[in-house]
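To start, the structure itself, in structure tokens.
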2 protein chains.
Amino acid sequence: MRIRTATDLGAFIRERRTKLGMDQIALAKKAGTSRKWLVEVEQGKPGAEIGLILRTLKSLEISIEVEADSPVETPSQGKAKAPDINSVLDSLKKRPLKKQI
Amino acid sequence: MRIRTATDLGAFIRERRTKLGMDQIALAKKAGTSRKWLVEVEQGKPGAEIGLILRTLKSLEISIEVEADSPVETPSQGKAKAPDINSVLDSLKKRPLKKQI
DNA sequence: CCAAATAGTAACCGTACGGTTACACTTTGT
DNA sequence: ACAAAGTGTAACCGTACGGTTACTATTTGG
């Protein structure tokens, strides 16, 4: 299922929880959170912290996949997009070391 | 890419951002958050709120998919998996229907 | 009817999330 | 050499997230 909003996520969590025959207390305990928090998350609370969300999904054996929609946006670089050298150079340009004076 | 931790998510966000040629300020503004927040998220902050995360992923044109790992109760023989009767029974057993007095 | 189980809600409270501002460090371009 | 761009970090502060506890529906079962 594609997740676009916190409400989507809450609905999916609730559906999975009930299919597994768990109540809110059981899931909250397994995920290391509180029942209050789970209630709010299942209702689509956008302020829920990602760490607790991930623990909850793991407790429900739900996997998350992220994917870039468009391969890459090359605005005006023409049509030659073979080796994507810019990305390679950019990644090599990452802050390598912390140099001390 | 499979997301298991907040660090995974932060790394993916950063990779996508740089591939799109955006700096932290541009992405933060587009996602409606602050650069400080984005720095922490890219470093794997588990306390980041899911609402801001979703806005950021949308700004990067990243889609999220969630999926239940096991259908419901791994039936060892996956040949013809009848109309998952267990789920039906479970849901009926839990909170079946709203019955009128 | 009453009791039990599950879920939604409210209050209070300590903590930390997120925004703002400022400064330090590195790389790049002039 | 310098300045600019990009990033990491620190401080302060208002707000709200999450935990706890309690109470309220709603349904089921005795």
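These values consider heavy atoms only, across backbone and side chains, with no hydrogens, waters or symmetry-generated copies. Numbers restart at 1 for each chain; the letters A, B, ... are given by sequence-line order, proteins then strands.
- A donor-acceptor contact shorter than 3.5 Å links the side chain of B/Arg16 to the backbone of B/Leu60.
- Listed by first and then second residue, the side-chain hydrogen bond (donor to acceptor under 3.5 Å, both in side chains) pairs involving residues 43-62 of chain A are A/Glu40-A/Lys45 (not counting sequence neighbours).
- Annotation: side chain of A/Leu57 is in contact with side chain of A/Ile13 (closest heavy-atom distance under 4.5 Å).
- Straight-line distance from the CZ atom of B/Arg55 to the C1' atom of C/dC17: 14 Å, rounded to whole Å.
- For the segment residues 3-14 of chain A, the set of residues with a heavy atom within less than 4.0 Å of an atom of DNA chain C comprises A/Arg14, in numerical order.
- Taken residue by residue, residues 41-50 of chain B places heavy atoms nearer than 4.0 Å to DNA chain C at B/Lys45, B/Gly47, B/Ala48, B/Glu49.
- Here the C1' atom of nucleotide C/dT28 and the CG atom of B/Asp23 are 15 Å apart, to the nearest Å.
- Annotation: side chain to side chain contact (heavy atoms under 4.5 Å, CB included) contacts of A/Glu67 (sequence neighbours excluded): B/Ser63.
- When distances run from any side-chain atom of B/Arg35 to the nucleotides D/dT7, C/dT9, D/dT20, the shortest one goes to D/dT7.
- For the pair B/Lys36 NZ and C/dC17 P, the computed distance is 8 Å after rounding to whole Å.
- A/Met1 places a side-chain heavy atom less than 4.5 Å from the side chain of A/Asp8.
- Straight-line distance from the CD1 atom of A/Ile25 to the P atom of C/dG8: 12 Å, rounded to whole Å.
- The CZ atom of A/Arg2 sits 12.0 Å away from the CD atom of A/Glu65 when rounded to the nearest 0.5 Å.
- A/Trp37 has its CH2 atom 16 Å from the C1' atom of D/dA16, to the nearest Å.
- The C1' atoms of five pairs define one axis at each end of the helix from C/dC1-D/dG30 to C/dT30-D/dA1, and these two axes lie 30° apart (to 10°).
- Within the structure, every side-chain polar atom (N or O) of A/Gln24 is placed at least 4.0 Å from both OP1 and OP2 of C/dA5.
- Side-chain contact between B/Leu54 and B/Ile64 is present, with at least one heavy-atom pair separated by less than 4.5 Å.
- As rounded to whole Å, 11 Å separates atom C1' of D/dG8 from atom CD of B/Glu40.
- Across A/Arg17 and A/Gln24, no two heavy atoms sit closer than the pair NH1-N, 3.5 Å.
- Between B/Thr33 and C/dG19, a side-chain N or O to OP1/OP2 separation shorter than 4.0 Å is present.
- Under the 3.5 Å distance criterion, the side-chain polar atoms of A/Glu42 are left unmatched by any main-chain donor or acceptor of A/Gly10.
- Taking atom CE of residue B/Met22 and atom P of nucleotide D/dA5, one finds them 17 Å apart after rounding to whole Å.
- Take A/Ser34 and apply the side chain to side chain contact (heavy atoms under 4.5 Å, CB included) test, not counting sequence neighbours, and it matches A/Lys36, A/Trp37.
- Linking Ile, Leu, Val, Met, Phe, Trp and Tyr residues whenever their side-chain heavy atoms come within less than 4.5 Å places B/Ile62 and B/Met22 in a single cluster.
- As a whole-Å value, the separation of A/Leu38 CG from C/dT9 P is 13 Å.
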